[in-house]
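Labels below follow one simple rule: chain letters A, B, ... track the order of the sequence lines, proteins then strands, and each chain is numbered from 1.
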There are 2 protein chains.
Amino acid sequence: MTAEPAGPDELDYLSFVEYAVKKTSTRLPAIDAEAMRLVLTLHRVTSALVYDLESAVHRPRGLSWPGFRVLFVLWLTGPMESKRVAELSGMSRAAVSALVNTLERDGLVSRRQADHDRRAVLLSLTDAGRETITNDYRAHNEREQAWAGTLSEAERRTLIGLLEKLMAGSAAAEAKRRF
Amino acid sequence: MTAEPAGPDELDYLSFVEYAVKKTSTRLPAIDAEAMRLVLTLHRVTSALVYDLESAVHRPRGLSWPGFRVLFVLWLTGPMESKRVAELSGMSRAAVSALVNTLERDGLVSRRQADHDRRAVLLSLTDAGRETITNDYRAHNEREQAWAGTLSEAERRTLIGLLEKLMAGSAAAEAKRRF
DNA sequence: CCATAACGATCAAAGCTTTGATTACTCAGG
DNA sequence: CCTGAGTAATCAAAGCTTTGATCGTTATGG
C-alpha cells in the first residue's frame, strides 16, 4: 500500500489537506470535515492555478496578476470609470487607484476626467495597452486550456455548474462584499 | 425575460464572466471559451470565499489570512522548520520569514534555532497562539459550513473530486511550482 | 582535509492590499 | 442660494508578496 497515514514529516502541499482533515476531526469532533476539505481544496487549486498563470504567462510579459485583471476589464468594456473597473475586477477603489499609477507609468492605461462628473476618472487602454492585453490573453487562454484539458467536456461543465451554485448560494450573498 | 445580453453598463461582478466569455469569443474566435469560463469562475468564487473568511472571521480576531495559514499549519503539525511551514502553507520562505516577524511580535509564534542544523529555524505556537488558532478555526469552520451548505452532500463530493482531479492534472504538474 | 557547491534564513527593493482619513465635487432640502 | 449629506478618487500607514542578493552553515568530491 502506498497510502499510509503520513506523519508530519512526509507531508507535501497536496497531502496536507487529508492530514489536516483527519487531525482536526479527532481534535475537534464538532467540525464539519467535508466543508473543511472543500474549502482547503478549492483554495489550494486556485492558488496553484493563479501562481502558474502569473509566473508563466503574465510576469514574463511585464504584467502583474492584478494588472492583467484591470487591463482585461478595460479591454472588454472599453473606457470606463475607475469605480466600475473596481467593481468588475473585484478590487477596492483604492487598490485600482494605486495599481493604475503603475499601469499609467508603463504606458498601458490612461486617465482622464469624466465630462458628466468631475469627481470621476475615466480609464482607457492606450494602443500599447490594447496590444499587450491582446497577446497576453492569447497566451493566458492557452495555459487555461492546459489546465482545463485535464477534465472531460462533461466534467468541466459539471465543475462550472457547481462553482456557480456555490457563488450564488446564501453564504456568498450574506458575505460582507467589497464588490 | 430577465436575461438580456447585458451591455457594459449593467454588469456586476457575477455577470461579468458571461459577458467576458461572449465578447472574447467574437473577438478572438480561436480561444477556448469553456476553459475561460472555468478559470474565471474558479477565481471569482475563491476570491469571494477568501475575502469573506478573512473579513468575517480572521481580521476581527486579529489575524490576517496568511497569518491564519501559518498558525493553522503549526497547530496541526507541531513545531516545525520554517522551510517546511513554507512548503505546507504554500508560501515562499521569504514570505514566511517576514510574516513570522509579525506573528512573533504579536506573541503567537516563537522562533528557535534547530539543534540538528544551525541554519534552520524551528517555529512553534506559543500558548496564546494555540488558544487563538483553536478559537479562530472553530469560527472559520462555521463559516465554511455556511458556504458548503449551499450544495448537497453528493454535490460537495463531486466538486471536491473534480478539484482534486484538476490539482493532480498535467498542467498542475508542469506548473512552475513554488511549493 | 579542504575547496566548492548547495542550502536555510534573512534582507532589500518594488509592488499590491487593506482600512481609514482627506479632498473635491454633486445633489437635494430648506 | 447655500448648507449639509453623500460620493469619487486619492493619500497614508501598515502589512504581505515577489525576486534576487547576502551571509552563515552543511555536505560533498577530489
S.K.: Send over the distance from A:Leu99 CG to D:dC11 C1', rounded to a whole Å.
M.R.: 16 Å
S.K.: Between A:Ser82 and B:Pro66, which is nearer to the 5' end of DNA chain D once each is assigned its nearest nucleotide?
M.R.: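 Checking each residue's closest nucleotide, the 5'-ward one belongs to A:Ser82.
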S.K.: Rounded to the nearest angstrom, tell me the gap between atom CZ in B:Arg93 and atom C1' in D:dT19.
M.R.: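 Value for this atom pair: 13 Å.
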S.K.: Parallel, tilted or perpendicular: which one describes the rings of B:Trp75 and B:Tyr137, with boundaries at 30° and 60°?
M.R.: tilted
S.K.: Rounded off to whole Å, could you give me the CG-to-C1' distance for the B:Asn101 and D:dA14 pair?
M.R.: 14 Å
S.K.: What nucleotide among D:dC16, D:dA9, C:dG8 has an atom nearest to a side-chain atom of B:Ser64?
M.R.: D:dC16
S.K.: Can you tell which of B:Ile31, B:Leu28, B:Val39, B:Thr24 makes a side chain to side chain contact (heavy atoms under 4.5 Å, CB included) with A:Asn141?
M.R.: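 Exactly one candidate clears the test, B:Ile31.
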S.K.: Which is more 5' along DNA chain D, the nucleotide nearest A:Ala98 or the one nearest B:Gly67? Just name the residue.
M.R.: A:Ala98
S.K.: Once you round to the nearest 0.5 Å, how far does CG of A:Leu42 lie from CG of A:Leu163?
M.R.: 6.5 Å
S.K.: Rounded to the nearest angstrom, tell me the gap between atom CZ in B:Arg84 and atom P in C:dA9.
M.R.: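 Rounded to the whole Å, the gap is 12 Å.
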S.K.: CG of A:Leu103 versus P of C:dA14: gap in Å, rounded?
M.R.: 18 Å
S.K.: Separation of A:Glu81 atom CD from D:dT10 atom C1', in whole Å?
M.R.: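 One finds 16 Å between C1' of D:dT10 and CD of A:Glu81, rounded.
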S.K.: If you take any heavy atom closer than 4.0 Å to DNA chain D, which residues from residues 107-131 of chain B end up in contact?
M.R.: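 Listed by number, they are B:Asp117, B:Arg118, B:Arg119.
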S.K.: Once the angle between the rings of B:His140 and B:Trp65 is folded into 0 to 90°, is it parallel (under 30°), tilted (30 to 60°) or perpendicular (over 60°)?
M.R.: parallel
S.K.: Apply salt bridge (charged side-chain N to carboxylate O under 4.0 Å, His left out) to the pair A:Arg138 and A:Glu142, showing each step before the final yes or no.
M.R.: CA-CA 6 Å; A:Arg138 265 191 261 265; A:Glu142 274 181 33; over 6 Å; no
S.K.: Does OP1 or OP2 of D:dC16 have a side-chain N or O of B:Thr102 closer than 4.0 Å?
M.R.: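 Answer is yes, contact under 4.0 Å.
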S.K.: Does this structure show an ion pair linking B:Arg93 with B:Glu87, if we count only N-O contacts that are shorter than 4.0 Å?
M.R.: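 Salt bridge flag = no for B:Glu87 with B:Arg93.
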S.K.: To the closest 0.5 Å, what do you measure between CD1 (B:Ile133) and CG (B:Leu63)?
M.R.: 6.5 Å
S.K.: Quickly work out the B:Trp65 CH2 to D:dA14 C1' distance and round it to whole Å.
M.R.: 21 Å
S.K.: Go through C:dT18, C:dG8, D:dT10 for me and flag the one nearest to the B:Lys83 side chain.
M.R.: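 Of the options given, the side chain of B:Lys83 lies nearest C:dG8.
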S.K.: Which is more 5' along DNA chain C, the nucleotide nearest A:Arg59 or the one nearest A:Ala94? Just name the residue.
M.R.: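 Looking at DNA chain C, the more 5' nearest nucleotide goes with A:Arg59.
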S.K.: Return the value, rounded to whole Å, for the distance between atom CD of B:Glu54 and atom C1' of C:dT19.
M.R.: 12 Å
